[in-house]
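Note that this is a predicted model, so its numbers are computed, not measured. Proteins get letters first, then strands, A, B, ... in listed order; numbering begins at 1 in each.
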There are 2 protein chains.
Amino acid sequence: MKHTIEVLKIEECLHSDYIKPKSMYYLHNSVEKRWDIVDTHNSVAILLYHKDLDSFVFVKQFRPSIYLKNNDGFTYELCAGLVDKNKSLIEIAQEEVLEETGYDVSLNELQKVTSFYTAVGFAGGLQTFYFASIDESMRVGDGGGIDSENIEVIYLKREEALTFMFDESIATTSGLMFALMWYFKTYEK
Amino acid sequence: MKHTIEVLKIEECLHSDYIKPKSMYYLHNSVEKRWDIVDTHNSVAILLYHKDLDSFVFVKQFRPSIYLKNNDGFTYELCAGLVDKNKSLIEIAQEEVLEETGYDVSLNELQKVTSFYTAVGFAGGLQTFYFASIDESMRVGDGGGIDSENIEVIYLKREEALTFMFDESIATTSGLMFALMWYFKTYEK
């Protein structure tokens, strides 16, 4: 997929519907402290393994926050989504897989593995991690996200995954790193 | 270690020295978009394995952001620190190990493993991950952090680590989860 990015401007944000900083004042062992935080949504993330293709299925996205760091901005990530609607975690996981990758995975094929916190220093969302094996019969669309999200579906051969994840010229995420290590530890002892 | 936490107030934060939201306006494939982001520091994180004790060494910290999520706020994390000073990454890693855990690790004992991005949806810091084997001869202090950081040093037996990391009643981080999976995949095939 061809992507063109043209940055128009980056400016101080005085009001955001998404990022709402708060200050917490508290006593820790009787010492008063202030800590500034961003209250974020929790999230789900799903590692997809495509049996027919012997490949993992990831998403490639443009992330403005990463553009600020590496002047490129494209990251390879697990299929994932925010918990910002009135559905169960597993239903949100199912919906994100469909929207982002085009595969219709039934709820009983989504294996909940565990959960953990991200960005604890200043934000702190709880991410619940799922795994699903998929095959081409489950494919019902092209994925790519909704509302011009421009998400690209990436197939990575299992045998190339360890090289890929430790190649620092490729921008990956902590969630993808954990997920692949978990997969190899669990299934390839 | 006994910790007492008393929350005084949580309020909207109008100005922060630490959290500075920005808005990025850009064209992606000619479609104009705005995305709000928090520009954060990069970080280092270090997995410590204590040979004499056959244990991993973590830190337990009170995190206001996690308090908002689970009403407890204490997390188990890798020893870590922000890249906010004019030193190399490995020097910052060395300094954080000393400050937080009390072990004086030489630079050539710190093995750089890889790097990846965290919180890419809205923040996007690059975290560089190190590993070091330590022993009691390297211990020069009690750790605990500086400036009343109230960091508690935690020793977790290697044989208990897999149960610990998948116990969802314990608040862990994506970095710790990846690090332990990496350790077991690398050293216990």
Nearest heavy-atom pair of [X] and [Y]: which atoms, and what distance?
X: V57(B); Y: H50(B); value: CG2-CB, 4.0 Å
X: N70(B); Y: G73(B); value: OD1-N, 3.0 Å
X: A93(B); Y: I46(B); value: O-CD1, 3.7 Å
X: Y155(A); Y: V153(A); value: CE1-CG1, 3.9 Å

Taking the side chain as C-beta and beyond, is there a heavy-atom pair between Y18(B) and F122(A) under 4.5 Å? no
Of M165(B), Q127(B), E11(B), E12(B), the largest count of non-hydrogen pairs under 4.5 angstrom with chain A goes to E11(B)
Looking only at heavy atoms and a cut-off of under 4.5 Å, which of N150(B), T75(B), I10(B), L176(B) has the most pairs with chain A? N150(B)
Parallel, tilted or perpendicular: which describes the rings of [X] and [Y], with under 30° parallel and over 60° perpendicular?
X: F166(A); Y: F178(B); answer: tilted
X: F58(B); Y: F56(B); answer: parallel
X: Y187(A); Y: W182(A); answer: perpendicular

Within residues 25-44 of chain B, contacts to chain A at heavy-atom distances under 4.5 Å involve Y25(B), Y26(B), L27(B), H28(B), N29(B), S30(B), V31(B), E32(B), K33(B), R34(B), W35(B), D36(B), I37(B), V38(B), D39(B), T40(B), H41(B), N42(B)
Top of [options] for chain B proximity - count of heavy-atom pairs under 4.5 angstrom:
options: A119(A), S16(A), P64(A); value: P64(A)
options: G175(A), G125(A), G121(A), A80(A); value: G121(A)
options: A179(A), A171(A), S115(A), S23(A); value: S23(A)
options: L126(A), V7(A), I66(A), V120(A); value: V120(A)

Could you look at [X] and say if it's the side chain, the backbone, both or neither that has a heavy atom under 4.5 Å from chain B?
X: F129(A); answer: neither
X: K20(A); answer: neither
X: L68(A); answer: side chain
X: E77(A); answer: side chain

One should read off an interatomic distance between D84(B) CG and I92(B) CD1, to the nearest 0.5 angstrom, of 7.0 Å
Could you look at I5(B) and say if it's the side chain, the backbone, both or neither that has a heavy atom under 4.5 Å from chain A? both
If a pair satisfies ring-ring contact (aromatic ring centres under 6.0 Å, His included) and one of its residues is in residues 68-88 of chain B, list it, with sequence neighbours excluded. H3(B)-F74(B), F62(B)-F74(B), Y76(B)-F164(B)
Whether K69(B) and D72(B) form a salt bridge (side-chain N of Lys/Arg under 4.0 Å from carboxylate O of Asp/Glu) is what I want to check. no
